[in-house]
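So the structure is just underneath, and the comments pick up after that.
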There are 2 protein chains.
Amino acid sequence: MITLLSIMIQNINTTPRASRPDLLAILEDQGYRPTNQRRDVVSLLERKGEGFTVEEVSGELPEVGRATVYRTIKLLLKAGVLCKLALPDGAPKYIMARAEHHHHTVCVKCGTVGEFRDTTVERVLRAVGAEIPGEIVGHRMELYLVCLDCQDRPEG
Amino acid sequence: MITLLSIMIQNINTTPRASRPDLLAILEDQGYRPTNQRRDVVSLLERKGEGFTVEEVSGELPEVGRATVYRTIKLLLKAGVLCKLALPDGAPKYIMARAEHHHHTVCVKCGTVGEFRDTTVERVLRAVGAEIPGEIVGHRMELYLVCLDCQDRPEG
DNA sequence: ATAGATATTGATACAAAGTATCATTATGTG
DNA sequence: CACATAATGATACTTTGTATCAATATCTAT
Ligand SMILES: [Mn+2]
Ligand SMILES: [Mn+2]
Ligand SMILES: [Zn+2]
Ligand SMILES: [Zn+2]
């Protein structure tokens, strides 16, 4: 059984992010107007690599109303270009999404977010879902870890 | 491969909850004092089968301070007898935990929570973790579904 | 049983992460 | 340009908690 599994676990993707899409264009394609505020928000997000909180984005954009930052991020979430994930205590964190379905790792020490995708997990989850009464409409999964940097760092 | 998987997915547990433990005794064992307020809270929780929110519990116990309800639930979480899980929008929900590691299903229509445990998922997750840099310290996983009752119910 | 040490409580305030209102402003369209 | 509509931002409000701290309950030792 262990042998079988080790064969099956072969395709973990942790590839770097591909060329970033034009988020404003994506919003326009959905019929939303390209306002200066939305331009400001997406431009900041396009430069942010790791995860971020909305308050952090809002703090860096004092010229854009807080509600508008939330509204824009909600649109991007709905468009699927952002993911909302949860730290172990439930605190929300956002990150740019890749096109394909994937999941995240979160360092419990420093909060750094990573991505991974593994078809075996997905297939097993589908199989599990088939055994459970009701129609599966989605799932959520996060792996919590202590990243290499935080392992090196002395205790704080 | 499909055949293999269907063989491997053999041990999904959705067994009904076993005899409930004495929550107050668990708290006492950890050195916490058995106060009337804690008695009230755990006694209510022991009668609650499905998921609940803290505000809901607090609302049903007007004689216990809101902060104390939160504090008690936090103790039970730390003791491992409660699970905190997240609806798709991130809204928190609590449920009595079983002793063994497991995960939850949540109906996206009515919010009903179910439990499941599957060793294959766990093994695959461990294998995935082994491929990821850093030391895995935990994971979170929820399956979202439309339960049978909600499938039957006409659109609301 | 009483006293003193300590844990717990509850009222209140505060915080984080949003959402609802609604008058004002910007944008797109003809 | 004119008008309809979409978007904004200030503000208030909501939800899910946590921090303070004086008052109270509980435990322990005498
Ligand atoms: Mn997945
Ligand atoms: Mn698990
Ligand atoms: Zn780290
Ligand atoms: Zn349901």
Side-chain angles (χ1 to χ4, degrees), chain A residues 23-45 51-79 82-95 106 111 113 140, chain B residues 23-45 51-79 82-95 106 111 113 140:
Chain A
L23 300 187
L24 195 67
I26 290 176
L27 291 183
E28 278 197 78
D29 289 349
Q30 318 234 335
Y32 299 110
R33 293 177 180 177
T35 65
N36 291 331
Q37 292 89 336
R38 285 174 179 160
R39 227 180 299 273
D40 288 349
V41 171
V42 302
S43 148
L44 178 57
L45 294 191
F52 53 86
T53 66
V54 182
E55 294 299 329
E56 177 189 333
V57 170
S58 184
E60 294 179 37
L61 294 174
E63 75 275 18
V64 178
R66 209 174 68 97
T68 294
V69 174
Y70 273 102
R71 285 190 281 239
T72 304
I73 285 181
K74 200 181 197 179
L75 292 181
L76 294 171
L77 269 180
K78 202 166 37 166
L82 280 187
C83 289
K84 181 178 181 178
L85 52 140
L87 302 190
D89 66 351
K93 193 157 193 178
Y94 295 83
I95 191 169
V106 185
V113 174
R140 166 197 287 266
Chain B
L23 299 187
L24 195 66
I26 290 175
L27 292 183
E28 278 197 78
D29 288 349
Q30 319 236 334
Y32 299 110
R33 294 175 178 177
T35 65
N36 291 330
Q37 291 89 338
R38 286 176 179 157
R39 227 180 298 273
D40 288 350
V41 172
V42 302
S43 145
L44 177 58
L45 294 191
F52 53 86
T53 66
V54 182
E55 294 300 330
E56 177 188 332
V57 171
S58 183
E60 294 180 37
L61 295 173
E63 75 276 17
V64 178
R66 210 175 66 98
T68 295
V69 174
Y70 273 103
R71 286 190 281 239
T72 304
I73 284 180
K74 200 181 196 180
L75 293 181
L76 294 171
L77 269 180
K78 202 166 39 165
L82 280 187
C83 289
K84 181 179 182 176
L85 53 139
L87 302 189
D89 69 350
K93 194 158 192 178
Y94 296 82
I95 190 170
V106 185
V113 174
R140 167 197 288 265

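Numbers restart at 1 for each chain; the letters A, B, ... are given by sequence-line order, proteins then strands. Bear in mind that the values here come from a model prediction, so they are computed numbers and not experimental data.
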Distance col, row B:Lys84:NZ vs B:Leu76:CG, nearest 0.5 angstrom, shows 13.5 Å

Would you kindly give the CG-to-C1' distance between A:Asp40 and D:dG9, to the nearest whole Å?
-> 14 Å

Could you tell me the separation between the OH atom of B:Tyr32 and the C1' atom of C:dT6, rounded to a whole number of Å?
-> 14 Å

Interatomic distance where CZ belongs to A:Arg38 and P belongs to C:dG28 [whole Å] | 10 Å

Does any non-hydrogen side-chain atom of A:Asp40 lie less than 4.5 Å from one of A:Leu44?
-> no

Footprint string (nucleotides 15-30 of chain D, 5' to 3'): B base within contact, S backbone only, - free, heavy atoms under 4.0 Å | -BBB------BBS---

Just checking A:Glu56: base, sugar-phosphate only, or nothing, at a heavy-atom cut-off of under 4.0 Å?
-> nothing

Between CG of A:Leu27 and C1' of D:dA6 the distance, given in whole Å, is 14 Å

For atom CG of A:Leu75 and atom C1' of D:dA6, their distance in whole Å | 12 Å

Let me know the distance between CG of A:Leu24 and C1' of C:dT27, rounded to the nearest Å.
-> 13 Å

Heavy-atom donor-acceptor pair, B:Arg140 side chain to A:Arg140 backbone, under 3.5 Å | no

Pairwise side-chain contact, B:Tyr70 with B:Arg66, heavy-atom cut-off 4.5 Å (strictly under) | yes

Kindly give the heavy-atom pair with the smallest separation between A:Leu24 and A:Pro34, and that separation in Å.
-> CD2-CB, 3.9 Å

